[in-house]
2 protein chains.
Amino acid sequence: MKYVTIGEAAAAYHIPESTLRYYEKQGLLPLMERDAAGRRLFSEMQMALLETVLRLKQTHMPIHDIRQYIAWVIEGESTTELRLDMMTKHKQAVLDEIASMTDALQGIDVKIERYLTRLQKK
Amino acid sequence: MKYVTIGEAAAAYHIPESTLRYYEKQGLLPLMERDAAGRRLFSEMQMALLETVLRLKQTHMPIHDIRQYIAWVIEGESTTELRLDMMTKHKQAVLDEIASMTDALQGIDVKIERYLTRLQKK
DNA sequence: ATACGGCTTAAACCATGGTTTAAGTCAACA
DNA sequence: TGTTGACTTAAACCATGGTTTAAGCCGTAT
């Protein structure tokens, strides 16, 4: 198994190291290993978890929910139904948010059109 | 012209009155009128501004930017180009965010599929 | 030997976007 | 006249999601 340092993990995803420490403290990156000097070692599992965390953040899932999801992942297959339920609901929330933004975009388009017309007439 | 109270304005958009007071303090609802007793009077212009504010919030525009936009609206047609520029950039930011969420949704779908399959096999 | 880069911690700090509290004013109705 | 109900304010409080600071430890290249 290959391990990477916090600096390498941070560079891999273009995020600050402090964010990774914060995520670990929040329970988003559990079971973190350490070397003899106390430095964090990101295993392939940690990197996979991190990628999942970042993808969930990309869809605006709150840290509280991500923590629960990650805990279920660690707990194993007995939590499959819970995870399915959470992801299904979250997917719908994301679709709703996209729909809301798409809807609001129309108001923005109306303004853009109005401003273009107004500038044309000058 | 018709005026509505803060309670009516809040009810009209299903938001707390405290939020409206906060928005006014933040400069999102300028030129607010008052009755003899010091109570806010929302004119039709205020209601139109409020609707704009809420639509911009719906697309995650920060308060700082909304304040600038509203100030330009109040300033008049001389700010048309500035507003056009802001809305054009904001539209792109919204499209980018929608694309990012849509992209992340695929990872969620993969998980949902996996969990469904896993449960089927039981 | 020492200095430097990369890591460690706890705790303080910050920005954003409100919400809540406490104390008070005012209009209308009983 | 007094008591509701709707409003007012400033200031404190809160949640979320980090970022920054200060002090220190370790390994290695000079």
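This one's a predicted model, so the numbers in the text were calculated from it and none came from an experiment. Chain letters run A, B, ... following the sequence lines, proteins first and then strands; every chain starts at 1.
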Heavy-atom count around A/E81 CD within 6.0 Å, excluding the residue itself: above 12? no

Among all residues two or more places apart in sequence or in another chain, which pass the ring-ring contact (aromatic ring centres under 6.0 Å, His included) test with A/H60?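 ring-ring contact (aromatic ring centres under 6.0 Å, His included) list for A/H60, sorted by chain: B/H60.
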
Tell me, for nucleotides 13-18 of chain C in 5' to 3' order, what letter each nucleotide earns: B for a base near a protein heavy atom under 4.0 Å, S for only sugar-phosphate near one, - for neither? ----BB

For [X] and [N], what is the distance between atoms [atom1] and [atom2] respectively, to the nearest whole Å?
X: B/K25; N: D/dA12; atom1: NZ; atom2: P; answer: 12 Å
X: A/R21; N: D/dT19; atom1: CZ; atom2: P; answer: 12 Å
X: B/Y3; N: D/dC7; atom1: OH; atom2: P; answer: 17 Å
X: A/Q26; N: C/dA10; atom1: CD; atom2: P; answer: 13 Å
X: A/R34; N: C/dG6; atom1: CZ; atom2: C1'; answer: 14 Å

DNA chain D contacts made by residues 85-93 of chain B, counting heavy atoms under 4.0 Å: none

Selection: residues 37-51 of chain B, any non-hydrogen atom under 4.0 Å of DNA chain D: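 DNA chain D contact set from residues 37-51 of chain B: B/G38, B/R39, B/R40.
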
B/L95 with A/M101, same ILVMFWY side-chain cluster at under 4.5 Å: yes

With clusters defined by side-chain heavy atoms of hydrophobic residues (ILVMFWY) lying less than 4.5 Å apart, directly or transitively, does A/V110 cluster with B/V73?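 No, B/V73 and A/V110 fall in different hydrophobic clusters.
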
For [X] versus [Y], what's the shortest heavy-atom pair and its separation?
X: B/T59; Y: B/L56; answer: OG1-O, 2.7 Å
X: A/A12; Y: A/M47; answer: CB-CE, 4.2 Å
X: A/L84; Y: B/L116; answer: CD2-CD2, 3.6 Å
X: B/P16; Y: B/A10; answer: C-CB, 4.2 Å
X: B/D103; Y: A/R55; answer: OD2-NH1, 3.8 Å

Listed by chain and number, what are the side-chain contact (heavy atoms from CB on, under 4.5 Å) partners of A/E33, not counting sequence neighbours? A/Y3, A/L41, A/S43

Select base, sugar-phosphate, or nothing to describe what A/E17 touches, counting heavy atoms under 4.0 Å on all strands.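 Touches sugar-phosphate only.
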
Is a side-chain N or O of A/E8 found less than 3.5 angstrom from the main chain of A/T5, in a donor-acceptor match? yes

Would you find a donor on one side and an acceptor on the other, under 3.5 Å apart, between the side chain of B/T117 and the backbone of B/E113?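 Answer holds: yes.
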
Let me see the working for A/K91 and B/D109 under side chain to side chain contact (heavy atoms under 4.5 Å, CB included), right down to the final yes or no. CA-CA 8 Å; A/K91 175 180 176 177; B/D109 276 330; 2.8 Å; yes

Indicate whether OP1 or OP2 belonging to D/dC7 is found under 4.0 Å from a side-chain N or O atom of B/T5. yes

Under 3.5 Å, N/O pairs linking protein and nucleotides 1-3 of chain D:
none

